[in-house]
Amino acid sequence: MEQNGTANGTHQGVFQHVGRQVWLLSDSAETQKETYKALDAALREQCAEQSVNYQVVMLQDLIMSVERGHLRLYVKGWPINIYPQVVYFRGHTPDFKMDGEVTILRHLEKMGCRVVNRLQPMLRCINKFWTLQELAGHGIPVPDSLSYGGYLGMQELIELGESRLSYPLVVKNTRGCRGNAVFLAGNKGQMLEIQHVLKMDTPYLFQQYIKESHGRDVRVMVIGGQVVASAKRISQGGRLQSNFSQGSLPELYPLDESGRNLASRVSEILGMDICAIDLLIRDDGSFCVCEVNSNPGFIPLGKTCNLDIHSLIARHVISFLQNPGNCNNN
């Protein structure tokens with residue numbers, strides 16, 4: 001556990017921190033990413049300026065316990081006596097494990113720590129269909145979509161998909177990220193060619209194809225319910241996916257009032273503190289919500305908008321120290 005404050009232990013191995021405390025919680029793989037490094041630097045600087053104790057903690061260093069009816073936490077085997085008020089989690093959420101990251105974050109929330117983003121909102125976004133389920137009934141425009149759980153009738157599934165959505169249709173992994181595991185099936189023949197992927201452990205979804213938004217979308221960054229940045233992402237070589245990781249080119253794209261209101265409303269419905277929302281663009285200029293990312297990268301977006309998004313995130317994370325009333329973890 002790395003420290004930016006003063007640790008006063010009553011005896012060796014017991015961490016007792018004076019003053020307010022923020023953790024950046026992640027895993028070793030995440031620490032190699034440019035996004036993580038920018039966030040670490042911003043949190044470290046702003047916490048030092050505000051005399052906030054700052055810790056970098058790795059998931060693999062934590063041990064949880066229930067002792068005499070009380071929750072306890074150990075870091076590298078040493079007990080923690082005073083816990084962080086705020087924990088900012090950065091990790092690869094599509095790979096969330098119920099017995100791993102979810103259990104640790106749940107433990108921290110049960111101990112009274114304010115996790116950013118909170119666990120339940122994060123869970124609403126790790127599966128693309130779960131996100132659509134949450135947005136349904138709120139008047140949010142989303143593409144018509146179809147998915148399944150343990151359904152084994154692939155032929156019936158395909159026939160239902162083509163009858164309800166019609167070709168061409170988008171086929172994507174419900175836990176996919178960075179534009180991977182996304183296909184455009186133009187007809188039944190192409191669908192049959194990829195049907196083997198539908199039998200994977202992680203379900204896929206069939207989604208209405210928004211032709212006018214092929215290879216382009218708008219990435220919107222929302223922090224604390226407010227839109228702080230937006231840019232159009234334009235794919236190269238006719239690709240369907242417009243993710244930055246797939247080589248798409250960014251273009252500054254200020255949202256109008258309706259677009260900002262839509263993004264803020266989606267963030268509110270899902271209960272997000274920090275998120276990126278991908279909007280598809282229709283011919284009439286209106287938007288349709290494609291996906292929501294609870295742990296987004298932001299370096300290309302920040303460069304396009306000439307904005308230090310990492311500093312804005314750090315400021316928002318630290319703000320929960322001054323607003324204990326915002327610590328509801330639902």
Side-chain angles (χ1 to χ4, degrees), residues 92-98 123-219 233-243 245-248 266 269-270 276-284 286-294:
H92 190 55
T93 47
D95 291 337
F96 254 26
K97 297 177 180 64
M98 295 302 291
L123 291 177
R124 292 167 190 151
C125 295
I126 66 171
N127 180 302
K128 301 178 193 303
F129 198 73
W130 292 0
T131 305
L132 298 175
Q133 288 173 328
E134 292 294 329
L135 296 177
H138 289 279
I140 301 297
V142 297
D144 289 348
S145 304
L146 182 152
S147 190
Y148 52 96
Y151 194 74
L152 296 177
M154 290 297 114
Q155 186 64 35
E156 293 87 346
L157 181 65
I158 291 173
E159 291 176 356
L160 181 61
E162 61 188 7
S163 67
R164 301 301 299 175
L165 303 174
S166 75
Y167 291 110
L169 57 84
V170 177
V171 182
K172 60 173 72 170
N173 190 302
T174 56
R175 286 207 178 201
C177 63
R178 303 189 182 98
N180 297 316
V182 178
F183 311 92
L184 181 63
N187 52 55
K188 188 168 186 175
Q190 292 178 358
M191 177 63 76
L192 292 174
E193 289 177 3
I194 63 171
Q195 67 173 322
H196 63 282
V197 305
L198 306 180
K199 300 178 181 179
M200 300 294 184
D201 290 339
T202 303
Y204 276 65
L205 64 80
F206 302 157
Q207 195 165 74
Q208 176 188 5
Y209 172 55
I210 310 297
K211 181 179 180 180
E212 55 267 38
S213 200
H214 183 108
R216 64 182 187 132
D217 68 3
V218 179
R219 165 56 66 97
R233 304 186 299 183
I234 306 168
S235 71
Q236 302 299 294
R239 294 180 63 91
L240 171 67
Q241 305 96 311
S242 53
N243 304 70
S245 58
Q246 297 285 345
S248 295
V266 168
I269 292 169
L270 296 175
I277 301 170
D278 297 335
L279 302 177
L280 302 178
I281 312 168
R282 296 189 181 275
D283 277 339
D284 62 2
S286 63
F287 299 105
C288 180
V289 177
C290 181
E291 297 176 9
V292 180
N293 191 324
S294 67

Interatomic spacing from [atom1] in [X] to [atom2] in [Y] - rounded to 0.5 Å:
X      : Y      : atom1 : atom2 : value
Ser294 : Ile277 : OG    : CD1   : 11.5 Å
Lys128 : Arg175 : NZ    : CZ    : 11.0 Å
Gln208 : Arg164 : CD    : CZ    : 12.0 Å
Leu184 : Leu169 : CG    : CG    : 7.5 Å
Cys288 : Ile210 : SG    : CD1   : 5.0 Å

Heavy-atom side-chain proximity of [X] to [Y] below 4.5 angstrom:
X      : Y      : result
Phe287 : Ile281 : yes
Leu270 : Cys125 : yes
Met191 : Phe206 : yes
Val182 : Asn173 : no
Asp278 : Asn293 : no

Tell me, please, which residues at least two apart from [X] pass side chain to side chain contact (heavy atoms under 4.5 Å, CB included).
X      : answer
Ser286 : Arg282, Asp284
Glu193 : none
Asp283 : Glu212

Tell me every residue that passes side chain to side chain donor-acceptor pair (under 3.5 Å) with Glu159, counting only those two or more places apart in sequence or in another chain. Gln155
With Glu162 via side chain to side chain donor-acceptor pair (under 3.5 Å) - residues at least two apart: Tyr167
Shortest non-hydrogen contact from Ala185 toward Gln190: C-OE1, 3.6 Å
Could you list the donor-acceptor pairs under 3.5 angstrom formed by side chains in residues 138-147, with sequence neighbours left out?
from, atom 1, to, atom 2, distance (Å)
Ser145, OG, Pro143, O, 3.0
Ser145, OG, Gln207, NE2, 3.0
Ser147, OG, Tyr204, O, 2.8

Between Thr174 and Phe129 (side chain of the first, backbone of the second, donor and acceptor by atom type, cut-off under 3.5 Å), is there such a pair? no
